[in-house]
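The structure under discussion appears below in the form of structure tokens.
The sequence lines fix the lettering, A, B, ..., with proteins before strands; numbering per chain opens at 1. These figures come from a predicted structure and were not determined experimentally.
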There are 4 protein chains.
Amino acid sequence: MSPKIVDKELKTREIAQAALVLFSQKGYETTNVGQLAEIAGIGKGTIYEYFQTKEDLFIASINEWIEQDLTQMIALVDENDDPVIKLFTFIEGSMELHQNEDSSKIRLFIEFIKHAVMEDGIIYKKRNLIKEMKNRWVMMVVDILLHGVSKGVFKPEIARDAEKIAVNLLAYLDGISIRGLITEDAMENVPHTEYYIEGFFKSILAEPDKFGIYIKNL
Amino acid sequence: MSPKIVDKELKTREIAQAALVLFSQKGYETTNVGQLAEIAGIGKGTIYEYFQTKEDLFIASINEWIEQDLTQMIALVDENDDPVIKLFTFIEGSMELHQNEDSSKIRLFIEFIKHAVMEDGIIYKKRNLIKEMKNRWVMMVVDILLHGVSKGVFKPEIARDAEKIAVNLLAYLDGISIRGLITEDAMENVPHTEYYIEGFFKSILAEPDKFGIYIKNL
Amino acid sequence: MSPKIVDKELKTREIAQAALVLFSQKGYETTNVGQLAEIAGIGKGTIYEYFQTKEDLFIASINEWIEQDLTQMIALVDENDDPVIKLFTFIEGSMELHQNEDSSKIRLFIEFIKHAVMEDGIIYKKRNLIKEMKNRWVMMVVDILLHGVSKGVFKPEIARDAEKIAVNLLAYLDGISIRGLITEDAMENVPHTEYYIEGFFKSILAEPDKFGIYIKNL
Amino acid sequence: MSPKIVDKELKTREIAQAALVLFSQKGYETTNVGQLAEIAGIGKGTIYEYFQTKEDLFIASINEWIEQDLTQMIALVDENDDPVIKLFTFIEGSMELHQNEDSSKIRLFIEFIKHAVMEDGIIYKKRNLIKEMKNRWVMMVVDILLHGVSKGVFKPEIARDAEKIAVNLLAYLDGISIRGLITEDAMENVPHTEYYIEGFFKSILAEPDKFGIYIKNL
DNA sequence: CATGAATGAGCGTTCATTCAT
DNA sequence: CATGAATGAACGCTCATTCAT
């Protein structure tokens, strides 16, 4: 690849990343190309040097987001080797979505889901994009769980059900994040979530009674 | 004296209900007023005899949906007095959302959430509409739980945490329903859900070991 | 004519008169049929029992206005036999248009003129309607002038130029009325008008110097 | 760096000037944006690159017209230093409005007045625009009159009444111009006007009897 | 005879996209 | 390569008119 091509690729990604801000704030339909150009710091026509259509930019944005999000989470989880800390970090990282005042990630998630499932949604035919992403998240959690089993920290019998547990955990995290959005007080759901997490950990820990000790160290 | 007698309120509700079909299939922005008129079996201009704007029709549709959905579920749950059956019915009723080939309800949910949380969403300023609905669902579950406690079927100690449990259950159900949408095979999540439900019931039943017996009778 | 027909005619005129209120306030285009029905105290559909189109109602309104206006002025002028008083009454009656806070007549005049002269104006093809009316006003003034000449009050030589004088007076009265509309203070033009009238009377009176005496008696 | 260099201000004025043609022919309401675009030789959407709304274009048109009209008249009047010729030129210039087959200016005047005085007229709240314009015309005439007085051509005593005389003259010119519009034969009013002008000049000339001599030289 | 619910043509306006520069 | 002026299809909405009652 010549440097020129690398530059083009880089700029393409920069535009897609800039677009994420607006897509998460206003949604796809009510964000117009002029605004996308403005936030990317380029001219309206220049958008079309990098993307064939607004839809293409949207799809590229999803890809950016998926990549970014996963990479970030992987880095976060990899920081520590302790399975409990790994899982806890993962959950906390996911919760960041709604505890934070910046709920852009979960709003993006909703927007993307919408366009994946609506009949004439932009990514209705590229639904597998989201699906694959979701699967990669499942795999992350599964890996952590199996790692914990192999270390003797998690119950051995959960190995068989690791995928189910992972999917269910992720479903819960999505659901509680969305709930967080339609809540006046961002902290409202915190006790519920803590309650859930405690139950969750106790159900997978080899020594459930040690949950309190684990948690103290975090 | 109005010669052409029309039950304005009834027709208003009929149009709002017809609109739900398109709003759930295509979303708000990509459904145009002509299509809304067509599916309601009326002329484009007639929409404006019943609603001031397309936005108003959207909001009326939400209200129809909320009313419909809750009424339906209440009827379903009230059919039986046994707390376990009540809760099971409730969960199954919620799951219908994504096990069914008709996923219109969960798609509506996403569309409405989107417009509740996006900066220029139609119901951004009427977010409490959705919030209130969600609270009514929480109350339903809480009632079932407390009913079960008073009957000695559920553990007495969950009474204190009933709201947390309810919120968490609903969050999970939302999350797994959304997952169901981006899945090729509608049945894919069934085992995960069953696994979750088993764990859930065992965590609240006074006699967890009897879960198998309960479930056999359903 | 059967009484039914008389009733119909009467109601037709009543509607046309009621419409004048709105046509003078808002103009033809921005007044809609619903508003015309409301001010006439009838149903929207009923308008079409009496007029084929909104345009027809507009034309009928003009006719009502013309009739009304002339009849009123004739009555006013006929109250007295003195030519100076007649003429003065006439001018004052015309000025009423703009000295009054109710400038509906002059606004109607503008609206009607507009639709008489614009290419696709409602009465572009019935322009003679307005023209005839204007001529009848000219005749009124001419009659007063000739009456004054025959009574020796006005200069005999103006008989020859009576029509010119009449037309010019009317033109001035229209012009100053319109000016009155775009004036903040309704009284602003009063001194100008008085100045004009003094000059006008002095130019036609057989004994110009007696103008002061005449005016004192009014 | 804008590659396609367009003088935005110039084009804005060009569009506003082109619009004048239609506004004077058809009026504001019955001229649609497509037609305005067509006469300006641009696409419908392009109108909105230069004006926020159709109303704004209308207002800009008025401003163009006011500017144009005054500038033209000032140039005409300034051509000569003789007060009589100046005033005569002014009156003739004003009369052009209705002697000409192109009566667009007086039709515009009516349209603008209408929208200045009707309750929901476009420039009801910008009435002072028209008012200021009218005042500038008054000042032009006043200046000519005072110039004539200072040159000894006009009676010294009119200096005191210059404004009244000016307003009255302008009112007459407006009125007679409007009359010209609803006349079949454009020449019909010429003798009346001549009669008026003769009277007018004789009333202000220091030596009224010389009017015939003055007029001969024009 | 009187009505107002129903209608669609037509409006003003927006915006993704094109393309001359 | 970058631009923003230009565009017209498509939108939401209005309203004169019709007609079943």
Checklist entry - Does D:Lys54 make a side-chain N or O approach to OP1 or OP2 of E:dC11 shorter than 4.0 Å? => result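 Answer no for this pair, as no side-chain N or O of D:Lys54 is under 4.0 Å from OP1 or OP2.
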
Checklist entry - Given E:dA6, is OP1 or OP2 found less than 4.0 Å from the side-chain N or O atoms of B:Lys11? => result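 Looking at the OP1 and OP2 atoms of E:dA6, one of them is under 4.0 Å from a side-chain N or O of B:Lys11.
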
Taking [atom1] from [X] and [atom2] from [N], how many angstroms apart are they, rounded to a whole number?
{"X": "C:Asp7", "N": "E:dA2", "atom1": "CG", "atom2": "C1'", "answer": "15 Å"}
{"X": "B:Glu14", "N": "E:dA6", "atom1": "CD", "atom2": "P", "answer": "11 Å"}
{"X": "C:Glu9", "N": "E:dC1", "atom1": "CD", "atom2": "C1'", "answer": "17 Å"}
{"X": "D:Asp56", "N": "E:dG12", "atom1": "CG", "atom2": "P", "answer": "14 Å"}

Checklist entry - Going by heavy atoms closer than 4.0 Å, what residues in residues 30-52 of chain C are next to DNA chain E? => result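 Residues of residues 30-52 of chain C under 4.0 Å from DNA chain E: C:Ile42, C:Gly43, C:Lys44, C:Gly45, C:Thr46, C:Glu49, C:Tyr50.
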
Item to check | DNA chain E-proximal residues of residues 20-28 of chain B, any heavy atom under 4.0 Å | outcome: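 None, since no heavy atom is under 4.0 Å.
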
Checklist entry - Is A:Arg107 reaching over with its side chain to a backbone N or O of A:Ser24, donor-acceptor style, under 3.5 angstrom? => result yes

Checklist entry - For the side chain of B:Gln35 and the backbone of B:Asn32, is there at least one donor-acceptor N/O pair under 3.5 Å apart? => result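 Yes: the side chain of B:Gln35 pairs with the backbone of B:Asn32.
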
Is the shortest side-chain heavy-atom distance between [X] and [Y] below 4.5 Å?
{"X": "D:Leu129", "Y": "D:Ile59", "result": "yes"}
{"X": "B:Lys11", "Y": "B:Asp7", "result": "no"}
{"X": "A:Ile122", "Y": "A:Ile62", "result": "no"}
{"X": "A:Met118", "Y": "B:Thr30", "result": "no"}
{"X": "B:Lys8", "Y": "B:Tyr50", "result": "yes"}

Item to check | Pairs touching residues 20-46 of chain B that satisfy ring-ring contact (aromatic ring centres under 6.0 Å, His included), sequence neighbours left out | outcome: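 For residues 20-46 of chain B, and leaving out neighbouring residues, the ring-ring contact (aromatic ring centres under 6.0 Å, His included) pairs sorted by first residue read B:Phe23-B:Tyr28, B:Phe23-B:Phe58, B:Tyr28-B:Phe58, B:Tyr28-B:His115.
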
Item to check | Note: D:Glu29-C:Lys114 ion pair, threshold 4.0 Å (strictly below) | outcome: yes

Next on the checklist: Restricting to side-chain hydrogen bond (donor to acceptor under 3.5 Å, both in side chains), what partner residues turn up for B:Glu49, sequence neighbours left out?
Outcome noted: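 side-chain hydrogen bond (donor to acceptor under 3.5 Å, both in side chains) check on B:Glu49 returns nothing, list empty.
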
Checklist entry - What residues, two or more places apart in sequence or in another chain, satisfy side-chain hydrogen bond (donor to acceptor under 3.5 Å, both in side chains) together with B:Lys54? => result none

Next on the checklist: Please compare B:Glu29 and C:Glu55 by the position of their nearest nucleotide in DNA chain F and report the one closer to 5'.
Outcome noted: B:Glu29

Item to check | Paired and unpaired positions of DNA chain F as dot-bracket, Watson-Crick or G-U wobble under 3.5 Å, | denoting a partner strand | outcome: .||||||||||||||||||||

